[in-house]
Amino acid sequence: MRLTWSDVTPKALFMSRRQWMTGAASIAALAAASRAAQAAVEDVPNSFEDITRYNNFYEFGYDKEDPYRNAGQLTIDPWAVVIDGLVEQPGTYDLADVLAGQPTEERIYRLRCVEGWSMVIPWLGFELGHLLRRVGVQPAAKFVAFETLLRPAEMPGQRTGLLDWPYREGLRIDEAMHPLTILASGLYGEELPRQNGAPLRLVVPWKYGFKSIKSIVRITLTEEMPPTTWNMMQPREYGFYANVNPKVDHPRWSQASERRIGAGFFAPRIPTQMFNGYAEEVADLYAGMDLRVNY
Ligand SMILES: Nc1nc2c(c(=O)[nH]1)N[C@H]1C(S)=C(S)[C@@H](COP(=O)(O)O)O[C@H]1N2
Ligand SMILES: [Mo]
């Protein structure tokens, strides 16, 4: 389900109230309506404060508030993105060239971290597929590899051995071309804050958050599956696919439910949905694959 501003909470709440007032609703209908209302409430976008002060961006430190505290010093202008490998027009593209001619839209997506928490974020971005088509995908390309900026002088986490820098991620070409996959350059109608991956980051809403690599400087189309940071670090815990799946637990914790950031200390955990609720759109990509093996 793709969320937009117009179809979050109010409609579902209105429906349930109307069903109350007709008096004709059965208990089951009421229960369904209240479940729908609750789901809608759960999918209300998180506050700007939650989205920008509770982050994973190890280049700026390990604690959730470290990126908020430390990312301010990052220089994001000028910014260039190398697009190379199996493309028709490889090159070093200025950020302005990457953004030029891309119709920017708001996409309100759930973000589910592999650690077991989630948020709802109103991104501004454009489909990665548009950009890839513009530079021309060669037929031999089967994967897309992404790299984050390597600049230890401005990224204190990179002066530690916390991860094998630069942060790297990858997608299969059909995942990269899927219309739900975006490059985001903003949120809440504003420029993307540095702690969220300015000036340009990937968002793949049906996968665990670590796939959504931040502050991208390189996009490479390849024939072979590229190495990815968390998979290299702990292959048994973090697969290449990393599709959100409540039935495949992390070796050290359950993935059946999640804690919605900002819901309050006493809020119950909410059930995690297959493909983070985007199964209707993306399940076909994995037809015939064993998602326990290809986790
Ligand atoms: N370069 C880089 N990208 C990254 C990370 C990181 O540490 N470095 N963390 C990932 C993880 S684990 C998550 S959950 C999301 C968090 O995105 P947000 O902070 O914008 O919510 O970013 C992902 N992208
Ligand atoms: Mo994450």
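Residue indices begin at 1 and follow the sequence shown.
Remark: side-chain polar atoms of T148 are not paired, donor with acceptor, to backbone N or O of P166 under 3.5 angstrom. Remark: the backbone N or O of N46 is not paired with any side-chain donor or acceptor of D50 at under 3.5 angstrom. No side-chain donor-acceptor contact under 3.5 Å links T181 to the backbone of M177. Not a single donor-acceptor pair under 3.5 Å links the side chain of K211 to the backbone N or O of V204. Side-chain atoms of T104 do not come within 3.5 Å of backbone N or O of L124 as any donor-acceptor pair. A distance-only check finds a donor-acceptor pair linking the side chain of D66 to the backbone of D63 [under 3.5 Å]. Counting only distance, with no hydrogens or angles, the side chain of R53 and the backbone of E65 share no donor-acceptor pair below 3.5 Å. For H178 (side chain) and I173 (main-chain N/O), no donor-acceptor pair under 3.5 Å exists by modelled atom type. A distance-only check finds a donor-acceptor pair linking the side chain of N196 to the backbone of I51 [under 3.5 Å]. Within the 3.5 Å criterion, the main-chain N or O of E147 finds no donor-acceptor partner in the side chain of R218.
R269 approaches S257 most closely through the heavy-atom pair NE-OG, 2.8 Å. The nearest pair of heavy atoms linking A267 to A263 is CB-O, 3.4 Å. Residues A198 and L192 come closest through the heavy atom pair CB-O, 3.2 Å.
The hydrophobic clustering, which links ILVMFWY residues whose side-chain heavy atoms are closer than 4.5 Å, places W123 and Y54 together. Under the 4.5 Å side-chain heavy-atom criterion for Ile, Leu, Val, Met, Phe, Trp and Tyr, W230 and L162 are members of the same hydrophobic cluster. By the rule that hydrophobic residues join a cluster once side-chain heavy atoms approach within less than 4.5 Å of another member, M232 and Y241 end up as members of separate clusters. Neither V293 nor L285 shares a network with the other; the hydrophobic side chains, linked directly or stepwise wherever heavy atoms of I, L, V, M, F, W or Y lie under 4.5 Å apart, form separate groups for each. There is a path of hydrophobic side-chain contacts, each under 4.5 Å, that joins V217 to I83.
Atom CD of E191 has 12 or fewer heavy atoms from other residues, nucleotides or ligands within 6.0 Å.
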Worksheet item: Do V137 and L86 pass the side chain to side chain contact (heavy atoms under 4.5 Å, CB included) test, and can you show the C-alpha distance, the side-chain angles, and the key distance before you say yes or no?
Response: CA-CA 6 Å; V137 177; L86 301 170; over 6 Å; no

Discussion item. Using the rule given for side-chain hydrogen bond (donor to acceptor under 3.5 Å, both in side chains), can you reason through E154 versus T75, listing the C-alpha separation, both sets of side-chain angles and the distance that settles it, and then say yes or no?
Written reply: CA-CA 8 Å; E154 291 185 351; T75 307; 2.6 Å; yes

Discussion item. Is there a side chain to side chain contact (heavy atoms under 4.5 Å, CB included) between Q73 and M155? Walk through the geometry before answering.
Written reply: CA-CA 8 Å; Q73 55 192 302; M155 296 176 134; over 6 Å; no

Discussion item. I'd like to know whether L171 forms a side chain to side chain contact (heavy atoms under 4.5 Å, CB included) with L202, so could you lay out the CA-CA distance, the side-chain angles of the two residues, the decisive distance to 0.1 Å, and finally the verdict.
Written reply: CA-CA 11 Å; L171 295 173; L202 183 69; 4.1 Å; yes

Worksheet item: Step by step, would you call R151 with E59 a side chain to side chain contact (heavy atoms under 4.5 Å, CB included)?
Response: CA-CA 9 Å; R151 191 183 287 158; E59 285 84 340; over 6 Å; no

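One distance of note links CZ of R168 with CG of L163; it measures 10.5 Å at 0.5 Å rounding. T222 contributes atom OG1, which lies 12.0 Å from atom CD of Q138 (distance to the nearest 0.5 angstrom). The CG atom of L200 sits 4.5 Å away from atom CG of L183, with the distance rounded to the nearest 0.5 Å. Residue I182 holds its CD1 atom at 13.0 Å from CG of L131, rounded to the nearest 0.5 Å. Taking CE from M119 and OG from S47, the interatomic distance works out to 8.5 Å, rounded to the nearest 0.5 Å. We find the CD-CG distance between Q158 and L149 to be 6.5 Å, quoted to the nearest 0.5 Å.
Side-chain contact check for W79 and Y93: no donor-acceptor pair (N or O, by modelled atom type) lies under 3.5 Å. One side chain, E175 or Y286, offers a donor N or O that lies under 3.5 Å from an acceptor on the other. Residues N56 and E115 have side chains that bring a donor and an acceptor to within less than 3.5 angstrom of each other. A side-chain donor from one of S118 and E258 sits under 3.5 Å from a side-chain acceptor of the other. Counting only N and O atoms by type, the side chains of Q255 and R112 include a donor and acceptor under 3.5 Å apart.
Between W165 and Y58, the ring centre distance reaches or exceeds 6.0 Å. For F210 and Y238, the gap between ring centers is short of 6.0 Å. Between F57 and F60, the ring center distance clears the sub-6.0 Å criterion.
Counting heavy atoms from C-beta outward, Y109 and V120 have side chains that stay 4.5 Å or more apart. Under the 4.5 Å side-chain criterion, counting only non-hydrogen atoms from C-beta, P45 is in contact with P122. Using a 4.5 Å heavy-atom threshold, the side chains of F240 and Y295 count as separate. The side-chain heavy atoms of F146 and L128, taken from C-beta on, include a pair separated by under 4.5 Å. Under the 4.5 Å side-chain criterion, counting only non-hydrogen atoms from C-beta, T272 is in contact with V244. Side-chain contact between T220 and V144: absent, with no pair of heavy atoms (C-beta onward) separated by less than 4.5 Å. Side-chain contact between P193 and L187 is present, with at least one heavy-atom pair separated by less than 4.5 Å. Y167 places none of its side-chain heavy atoms less than 4.5 Å from the side chain of K214.
Paired with K142 under the rule side-chain contact (heavy atoms from CB on, under 4.5 Å), one option of E223, E224, R172 passes, and it is E223.
Because its NZ or CZ atom is not both nearer than 6.0 Å to the ring centre of F126 and within 45° of the ring axis, R107 does not count as a cation-pi partner of that residue.
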